[in-house]
Amino acid sequence: MNSKYIEVCERLDWTVHEYKDGSVDVAKQSPAGEDFSCGGSSENFVDEVKQYAAYFNVDEHIEMWIAARREGVCGIPSSIRELVKDAEAIDKMLHELAAALAEVEDDDDA
């Protein structure tokens with residue numbers, strides 16, 4: 001993967017994991033402590049992050065954690081309000097990452 005993309009990710013506190021098969025995962029802890037990650041191929045990394053950010057559904061993310069909370073999964077905030085704030089923060093983190101990567105990609109294309 002382009003080292004400039006790795007620098008952008010790390011500057012925004014995302015951890016980058018590259019794999020031998022050409023896939024890449026980026027991970028970051030949300031404000032409520034969720035180990036959030038997304039990934040794709042190193043070849044289309046920027047486009048895949050932009051697409052992930054565009055289609056991240058805050059409501060679906062909240063519903064997933066509410067259901068898990070009912071099942072007694074440990075570590076999930078008990079407050080739905082906190083789950084909402086956290087999902088909104090993740091959405092913001094993804095859009096911030098996508099925008100920063102797109103900026104570097106645009107600079108490379110110029």
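Quick caveat, the model's predicted, so the values are computed rather than measured.
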(message) For a 4.5 angstrom cut-off between non-hydrogen side-chain atoms, does Arg81 reach Lys85?
(response) yes
(request) Give a yes or no answer on whether the side chain of Asn57 reaches the backbone of Glu60 with a donor-acceptor pair at less than 3.5 Å. (result) yes
(request) Starting at CD1 of Ile66, measure out to CG of Asp59 and round the result to the nearest 0.5 Å. (result) 9.5 Å
(message) To the closest 0.5 Å, what do you measure between CG (Leu83) and CD (Glu63)?
(response) 11.5 Å
(request) Apply the test side chain to side chain contact (heavy atoms under 4.5 Å, CB included) to residues Tyr5 and Val104: give CA-CA distance (whole Å), side-chain angles for both, the deciding distance (0.1 Å), then the verdict. (result) CA-CA 7 Å; Tyr5 299 151; Val104 171; 3.8 Å; yes
(message) Measuring from atom CG of Leu97 to atom NZ of Lys92, what distance do you get when rounded to the nearest 0.5 angstrom?
(response) 14.0 Å
(message) For a quick test of reading the model, state the closest non-hydrogen atom pair linking Ile76 to Ala68 and the distance between them.
(response) CD1-CB, 3.4 Å
(message) To the nearest 0.5 Å, what is the distance between NZ on Lys50 and CG on Asn44?
(response) 11.0 Å
(request) Quick one: closest heavy-atom pair of Ile90 and Ser30, and the distance? (result) CG1-CB, 3.8 Å
(message) Counting C-beta onward and ignoring hydrogens, is there a side-chain heavy-atom pair between Val16 and Glu18 closer than 4.5 Å?
(response) yes
(message) Please say yes or no: joined through hydrophobic side-chain contacts below 4.5 Å, possibly via intermediate residues, are Met64 and Tyr52 part of one cluster?
(response) yes
(request) Identify the heavy atoms of Pro77 and Arg69 that sit nearest to each other, and give their distance. (result) O-CD, 3.4 Å
(request) Provide the closest heavy-atom pair for Glu48 versus Ser41 in the form atom of the first, atom of the second, distance. (result) OE1-N, 2.8 Å
(request) For Glu34 and His61, test the side chains for any donor-to-acceptor distance below 3.5 angstrom and give the result as yes or no. (result) yes
(request) Provide the closest heavy-atom pair for Ala100 versus Val8 in the form atom of the first, atom of the second, distance. (result) CB-CG1, 3.5 Å
(message) Quick one: does any side-chain atom of Glu82 pair with a main-chain N or O of Ala32 as donor and acceptor, under 3.5 Å?
(response) no
(message) Between Phe45 and Asn2, is there a side-chain heavy-atom distance shorter than 4.5 Å?
(response) no
(request) Verify, without hydrogens or angle tests, whether Lys28 (side chain) and Leu12 (backbone) share a donor-acceptor contact under 3.5 angstrom. (result) yes
(request) Find the distance between CD (Glu10) and OG (Ser3) and round it off to the nearest 0.5 Å. (result) 10.0 Å
(request) Could you tell me whether the side chain of Val26 reaches within less than 4.5 Å of the side chain of Cys38, counting heavy atoms only? (result) yes
(request) Look at the side chain of Asp25 and the backbone N and O of His17, then say whether any donor-acceptor pair between them is shorter than 3.5 Å. (result) no
(request) Could you tell me whether the side chain of Tyr55 reaches within less than 4.5 Å of the side chain of Gln51, counting heavy atoms only? (result) yes
(message) Is it the case that atom CD in Glu43 sees more than 12 heavy atoms from other parts of the structure closer than 6.0 Å?
(response) no
(message) Using 0.5 Å steps for rounding, measure from the CG atom of Leu101 to the CH2 atom of Trp14.
(response) 10.0 Å
(message) Hydrophobic clusters here meaning ILVMFWY residues chained together by side-chain heavy-atom distances under 4.5 Å, can you tell me if Val58 and Ile80 are in one?
(response) yes
(request) Could you pull out the closest heavy-atom pair between Phe56 and Ala87, with the gap in Å? (result) CE2-O, 3.6 Å
